[in-house]
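To start, the structure under review is shown below, and the notes come after it.
Letters go in sequence order (proteins before strands), and every chain restarts at 1.
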There are 2 protein chains.
Amino acid sequence: MQTVHASSISQPTPATLLRHIPLPRTSPDTALGTTRMVAKDAEIFAEGDRAAFVYKVVSGAVRTFRLLSDGRRQIDAFHLPGDIFGMETGEDHRFTAEALADTTFIVYRRCNLVTLDGGEFSRQVVTAMMRSLEQAQNHMLLLGRKNAVEKVATFLLVMSDRISGGNQVDLPMSRLDMADHLGLTIETVSRSLTHLEREGLIGLPTHRSIVLLNKAALRRLGT
Amino acid sequence: MQTVHASSISQPTPATLLRHIPLPRTSPDTALGTTRMVAKDAEIFAEGDRAAFVYKVVSGAVRTFRLLSDGRRQIDAFHLPGDIFGMETGEDHRFTAEALADTTFIVYRRCNLVTLDGGEFSRQVVTAMMRSLEQAQNHMLLLGRKNAVEKVATFLLVMSDRISGGNQVDLPMSRLDMADHLGLTIETVSRSLTHLEREGLIGLPTHRSIVLLNKAALRRLGT
DNA sequence: CGCTGAGTTGACGTAGGTCAAGCAGAGTGG
DNA sequence: CCACTCTGCTTGACCTACGTCAACTCAGCG
């Protein structure tokens, strides 16, 4: 059992709420949807909300998570530009979504997913769901069977693939977000990072940016 | 880090292989597929196999799992009669599937899932995938943030819902399978079960059958 | 420059893993 | 019908990876 960090249930600040303004617009990608911008830590939808929309990140990043009754949090995924999130098969959202940073996204009215019309949009949503499933399956292996250093190494490789493909990763999330995604605490994430640094596998020029110095060795750790 | 139980990489016995006979047949449910029977612990497909088929359990039960290089195993799901498993978006299977007990299932030639024809079969497969995703998301919360007793309590409730709906559950899997599903060891699963028994929440008439004496209390543990 | 919040580090505690012994039910053979 | 083994499960004693608590560092910012 672990204590619940206060910030893991943080609310958007008043300033945040003020900047939480719908911005109707039209563009190639928004033919069917509406663009919105929200500030860092703003809530996009909450667990239990009616799931009337599907979302696509344009810029920034989003976390989706669930809480246990005592506040323990599991972040199931981070959503980066291009990712679709918020699909549900039932009526309601089973997750809460919050912006990791100031974020722009497109809101699509949820066409009934059960009526698979074979159209471009429904195909895109189904593809997004399949990708979510694969990621979730990889993540179950990580959560169930990897130790702290292996978890962090795997995470860095995945983020590197998704963000840059290069050797430098600029993480959009805090240590707490990483911890709640990997089933660890901030302290253990921090210790694992410094461990990897001492081993020469990564460099830590700043807190949020990480250089993967030896991807092969990192990959060996995560398999 | 944990030791690898020898049986977690057990191979089908020779006797098992002999009983591994394709049984072509036709019935209402098999209009598009072929029925097969396999013995307990037989492999149905392996990680890396070409994913040319999709499977539906008729009787018995199936586990799908992945291994780390040193043999640590994560069972992502158990598949019971009526469940469809083995869908992949890529070319190859990313899991191994084995029978938990003597099992009958139907094998469907994999229609290309990307061409969503809106037909009955492709709708059924997409529904199965969505259900898998929801289960995987629930399981990530369990693996990442629940303690041993909470994991076992949650698992018993889920299995009870899926198998009987009543208060008696006849588990089709061993303690080792439970452990590798819940991210624990057999010893911890065993201790958690006797803990729940001592608390009066469950009864253990035999090893494989469990009586849920206080579902409300169990549910409180898993939330 | 001092304040603030995020991150790191160290000392210590504990849930759950490890190792080893023992037990019970299901086959098997005499 | 009873000893005999085999396999899965439980239990106990001990160990360790990771959580907890608390002090400290440092970057960003008014």
Side-chain angles (χ1 to χ4, degrees), chain A residues 1-8 10 13 15 40-41 70-73 100-101 142-153 170-180 182-198 202-210 221, chain B residues 1-8 10 13 15-16 40-41 68 70-73 100-101 142-153 170-180 182-198 202-210 221:
Chain A
M1 192 81 61
Q2 51 184 107
T3 42
V4 177
H5 292 271
S7 51
S8 68
S10 72
T13 57
K40 182 164 149 63
D41 293 326
D70 63 356
R72 279 173 285 171
R73 182 176 72 155
L100 280 172
L142 178 149
L143 290 171
R145 286 301 180 215
K146 292 185 185 175
N147 65 31
V149 173
E150 293 169 340
K151 286 177 177 181
V152 170
D170 286 305
L171 296 174
M173 76 288 292
S174 69
R175 295 288 186 268
L176 180 58
D177 287 322
M178 289 179 55
D180 283 349
L182 301 177
L184 299 171
T185 58
I186 26 176
E187 292 93 335
T188 301
V189 169
S190 184
R191 279 188 254 266
S192 303
L193 285 168
T194 61
H195 173 83
L196 292 172
E197 186 187 25
R198 290 216 190 91
I202 64 173
L204 294 167
T206 78
H207 290 155
R208 290 291 184 107
S209 98
I210 297 183
L221 269 178
Chain B
M1 191 81 62
Q2 55 184 108
T3 43
V4 177
H5 292 269
S7 52
S8 70
S10 72
T13 58
T16 290
K40 181 165 150 61
D41 293 327
L68 293 177
D70 63 357
R72 278 172 286 171
R73 183 176 71 155
L100 280 172
L142 178 148
L143 291 171
R145 287 299 180 216
K146 291 184 186 177
N147 66 31
V149 173
E150 293 169 339
K151 285 178 178 182
V152 170
D170 287 303
L171 297 174
M173 75 289 289
S174 69
R175 296 288 187 267
L176 180 57
D177 287 321
M178 288 178 56
D180 283 350
L182 301 176
L184 298 171
T185 58
I186 26 175
E187 292 94 334
T188 302
V189 170
S190 183
R191 278 187 255 266
S192 303
L193 285 169
T194 61
H195 173 83
L196 291 172
E197 187 187 25
R198 288 217 190 91
I202 63 173
L204 295 168
T206 78
H207 290 154
R208 289 291 184 106
S209 98
I210 296 182
L221 269 178

Out of dG10(C), dT8(C), dC18(D), whichever nucleotide has its closest atom nearest the side chain of Arg191(A)
dG10(C)
Assign Thr206(B) to base, sugar-phosphate, or nothing according to its heavy-atom contacts below 4.0 angstrom with the strands shown.
nothing
Return the value, rounded to whole Å, for the distance between atom CD1 of Ile186(A) and atom C1' of dG19(D).
11 Å
Apply the side-chain contact (heavy atoms from CB on, under 4.5 Å) test between Val152(A) and each candidate in Leu221(A), Asn147(A), Leu182(A); give the one that qualifies.
Leu182(A)
OP1 or OP2 of dG8(D) under 4.0 Å from side-chain N/O of Ser174(B)
no
Can you find a side chain N or O atom of Thr194(B) that sits less than 4.0 Å from OP1 or OP2 on dT10(D)?
no
Quick check: does any side chain N or O of Arg72(B) sit under 3.5 Å from a backbone N or O of Arg145(A), one acting as donor and the other as acceptor?
yes
His195(A): partners by side chain to side chain contact (heavy atoms under 4.5 Å, CB included), with sequence neighbours left out:
Val149(A), Glu199(A)
Between the base of dC9(D) and the side chain of Glu187(B), is there a donor and acceptor pair under 3.5 angstrom?
no
Arg175(A) side chain, from C-beta outward: closest of dC9(D), dA13(D), dT8(C)
dT8(C)
Check this one for me: any side-chain N or O of Arg208(B) less than 4.0 Å away from OP1 or OP2 of dC9(D)?
yes
Minimum-distance pair of heavy atoms, taken over all atoms of Asp170(A) and Ser209(A):
OD1-CB, 2.8 Å
Out of dC18(D), dT11(D), dT8(C), which nucleotide sits closest to the side chain of Ser190(A)?
dT8(C)
Atom pairs under 3.5 Å: protein N/O with N/O of nucleotides 26-30 of chain D:
none

